[in-house]
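Here's the structure we're looking at; comments come further down.
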Amino acid sequence: MTNQEIAAVFEQVADLLEYQSANPFRVRAYRNGAKKIGELAEPLAAIHGDAARRLTELEGIGKDLAEKIATLLATGTLPMLVELQAQIPAGVLTLSRVPGVGPKKAAALHKELGISSLAELRAACEEQRVRGLKGFGAKTEETILKGLAVAEEAGVRMRWADAERVVDALLEHMRGEPAIKQLEIAGSFRRGRETIGDLDLLVDATDVPAAMDRFGAFPQVQETLARGDTKMTVRLASGLQVDLRVVPAESFGAALQYFTGSKDHNVIVRGRAKQQGLKVSDWGVFRIEAAEGESKETYIAGRTEEEVYAAVGLPWFPPEMREAREEFNWAAAGALPTLVTLEDIRGDLHMHTTASDGQDSIEAMVAAARARGLSYVAITDHSKRVSMARGLDGDRLRRQWREVDQVNRQSDDVEVLKGIECDILEKGGMDLPDDVLAEADWVIASVHYGQNQSRQQITERILEALENPHVDMLAHPTGRLINRREPYDVDLDRVMAAAVKHRKLLELNANPARLDLNDVYCAAAKRLGIPIVINTDAHHTDGMDVMRFGVLQARRGGLTAANVANTRPFAEFRQLIGGE
DNA sequence: GCCGTTTTCGGCCCGACTGTTTTCAGTCG
């Protein structure tokens, strides 16, 4: 078993224990263990197999978890998990994927109403049977109905970053087969969509059965759903479906173009081809010639995507652009934007330290930024309203800034801005007084509380914050968490208009669960000339590695380096935010 | 269930707010 699979088992145990109202610290121990194992670079099997070492040397792994890991490595199953699963009806746990429904509410729904699936829960809410239960009311019922959409989506679509882990493992596995000459993942994964429904793997191989055998032998495969001459479909243990298509070399580019999509993009490409007497399919580009009542097709392109697009008079489009939005207009004008890349990024303007809920010191974060080639950062811990994260009041913040000054003096290659992630309070207004904010180099305004307020209320709060002359940027502008929480009901058009008027910046938060602003609003910000800042919101040094997810989202929004403020050299960035 | 140690068990980060309830579950980073 791989580390990821073992981590998944412990996560499942934690979920089931939580459902049974087990000791919360015991639940946490399993979750913590799963997290540690998931982040481990070295295979557990290697540590376990080394007589000189013990699994308990890993932080968070004690005698008990070490034994369970050994059992999993030896047998592939865990009796404790099997036992727990026998006690808890399948499906009940999926109920707690609904925001507002935790293990306790899920248990009550099952026990009182016999509900064990999202569909049954929806029906019960619609029939207003839920509001009668103890601890539930009409409002809860409404919340559940709203949350059901999130939960149902989460069941079928995986976040891009999670899919990437599967993709990396799958590609590495497939490269072990010498008959495979070319290998690409197509589909929405290649286009960089926020969430992925399934994976499409495209292969050019000299020996089709060998490629398919290799595919079927991927360790995460649970079941082979279909296997034909050119196509094979499997389902992984995680539930993700993966399609394999084997194509000849002369069709590889055409198939890659075809299966990358999007469908809407391809409809336009094929329409253009038709007008020119051509046909584009997943096998290639063909010229159609009518001769004596019969039509003849001649292959003219298909080895590479460039060849396919060129054959129909189009430039090669970066996959992130292929959504039938602006790309054909850009092509017609002869000017596809050069999309921003990770290498363009020079600064990271949103991160936390041990002063609030981060795990590393200012020095450590600056060193991590240096190691990633950045030339400036902002230290932006939480303000006092975020009490759970030990948010800073004015006094503690000023003390921290003195520390930042000191770090700045010792760092000649990374500039450190004195910043704050200041909460926008529920009743309106900023969480810190103006005289404190006035001393900051960089002020982020954020909504963390009162996310369920009305559109009017929440929009007004944000507009008021944007009017504050000390505020530089609005962080994660809609607060959504992919597959977990809907965006708050904010009028982004008004927010954007205010950002233009008051010359504020908007964040694209690179955390793979946030990625907010999303692609569509990034494109809108670009049209309005609002600079976007792509930030990691790192809570530890490794957290800075998520920058590339933000860049991918920005690319989907059609952003160039010029549209992204933190691609600028420090002096220019400083000028943009009104510093000296 | 882990950790640390004071070697046998107590602490584990935590406090305000909402909705619904009358004592608590869920949520926020």
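Protein chains get the first letters and strands the later ones, always in sequence-line order, with residue 1 at the start of each.
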For nucleotides 22-29 of chain B, give me every protein contact, N/O to N/O, under 3.5 Å, one pair per line with atom names.
from   : atom 1 : to       : atom 2 : distance (Å)
B:dG26 : OP1    : A:Gly102 : N      : 2.9
B:dG26 : OP1    : A:Gly102 : O      : 3.3
B:dG26 : OP1    : A:Pro103 : N      : 3.4
B:dG26 : OP1    : A:Lys104 : N      : 3.3
B:dG26 : OP1    : A:Lys105 : N      : 3.3
B:dT27 : OP1    : A:Gly100 : N      : 2.4
B:dC28 : OP1    : A:Arg485 : NH1    : 2.9
B:dC28 : O5'    : A:Arg485 : NH1    : 3.3
B:dG29 : OP1    : A:Arg485 : NH2    : 3.3
B:dG29 : OP1    : A:Arg514 : NH2    : 3.3
B:dG29 : OP2    : A:Arg485 : NH1    : 3.1
B:dG29 : O3'    : A:His382 : NE2    : 2.7
B:dG29 : N2     : A:Met388 : O      : 2.6
B:dG29 : N2     : A:Ala389 : N      : 3.3

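Nucleotides B:dT18 and B:dT22 place their C1' atoms 15 Å apart, quoted to the nearest Å. When the C1' atom is used for both B:dG10 and B:dG15, the distance is 22 Å, rounded to whole Å. Taking the P atoms as reference points, B:dT20 lies 16 Å from B:dA25, given to the whole Å. Remark: the separation of the P atoms in B:dT27 and B:dT23 is 22 Å, to the nearest Å. Only the C1' atoms considered, B:dC13 is 16 Å distant from B:dC2, to the nearest whole Å. Comparing the C1' positions of B:dT21 and B:dG26 gives an interatomic distance of 14 Å, to the nearest angstrom. Going from the C1' atom of B:dC17 to that of B:dG29 covers 15 Å, rounded to whole Å. Annotation: B:dA16 and B:dT6 have their P atoms spaced 34 Å apart (nearest Å).
Counting only N and O atoms by type, the side chains of A:Lys68 and A:Tyr30 include a donor and acceptor under 3.5 Å apart. Residues A:Asp360 and A:His540 bring no donor and acceptor atom of their side chains to less than 3.5 Å of each other.
Distance A:Asn452 CG to B:dC17 C1': 11 Å, rounded to the nearest Å. The CD1-P distance, from A:Ile458 to B:dT18, rounds to 13 Å in whole Å. The separation between A:Asn23 atom CG and B:dC12 atom P is 13 Å, rounded to whole Å. When the C1' atom of B:dG1 is taken as reference, atom CD of A:Gln20 falls 15 Å away, rounded to whole Å. One interatomic measurement links the two molecules: CD1 of A:Ile69 to C1' of B:dG1, which rounds to 12 Å at whole-angstrom precision. When rounded to the nearest whole Å, the span between CG of A:Leu425 and P of B:dA16 equals 15 Å.
Electrostatic pairing of A:Glu426 and A:Arg385 counts as a salt bridge here, judged by a charged N lying under 4.0 Å from a carboxylate O. Remark: A:Arg159 engages A:Asp162 in a salt bridge, criterion side-chain N to carboxylate O under 4.0 Å. Taking a cutoff of 4.0 Å between a charged side-chain nitrogen and a carboxylate oxygen, A:Arg574 and A:Asp441 qualify as a salt bridge.
Nearest-nucleotide positions on DNA chain B for A:Glu426 and A:Arg131 put A:Glu426 closer to the 5' end.
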Contact letters for nucleotides 2-10 of chain B, in which S counts primed atoms plus P, OP1 and OP2 and B counts the base, heavy atoms under 4.0 Å: SS-------
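Relative ring orientation between A:His448 and A:His382 is described as perpendicular, the plane-to-plane angle rising above 60° on a 0-90° scale split at 30° and 60°.
Base pairing annotation: B:dT8 forms no Watson-Crick or G-U wobble pair, as no partner gives both donor-acceptor distances under 3.5 Å.
Each of A:Leu492, A:Leu517, A:Val533 was checked for a side chain to side chain contact (heavy atoms under 4.5 Å, CB included) with A:Leu506, and the lone residue meeting it is A:Leu517.
Taking 4.5 Å as the limit, every side-chain heavy atom of A:Asn468 sits out of range of all side-chain heavy atoms of A:Glu464.
The ring of A:Phe573 has its center closer than 6.0 angstrom to the ring center of A:Trp442.
Looking at heavy-atom distances under 4.0 Å, A:Asn32 makes no contact with the nucleic acid at all.
Between B:dG19, B:dC13, B:dG1, one nucleotide has an atom nearer to the side chain of A:Lys68 than all others, and that is B:dG1.
In this structure, A:Leu44 CG and A:Thr2 OG1 are separated by 9.0 Å, a value rounded to the nearest 0.5 Å.
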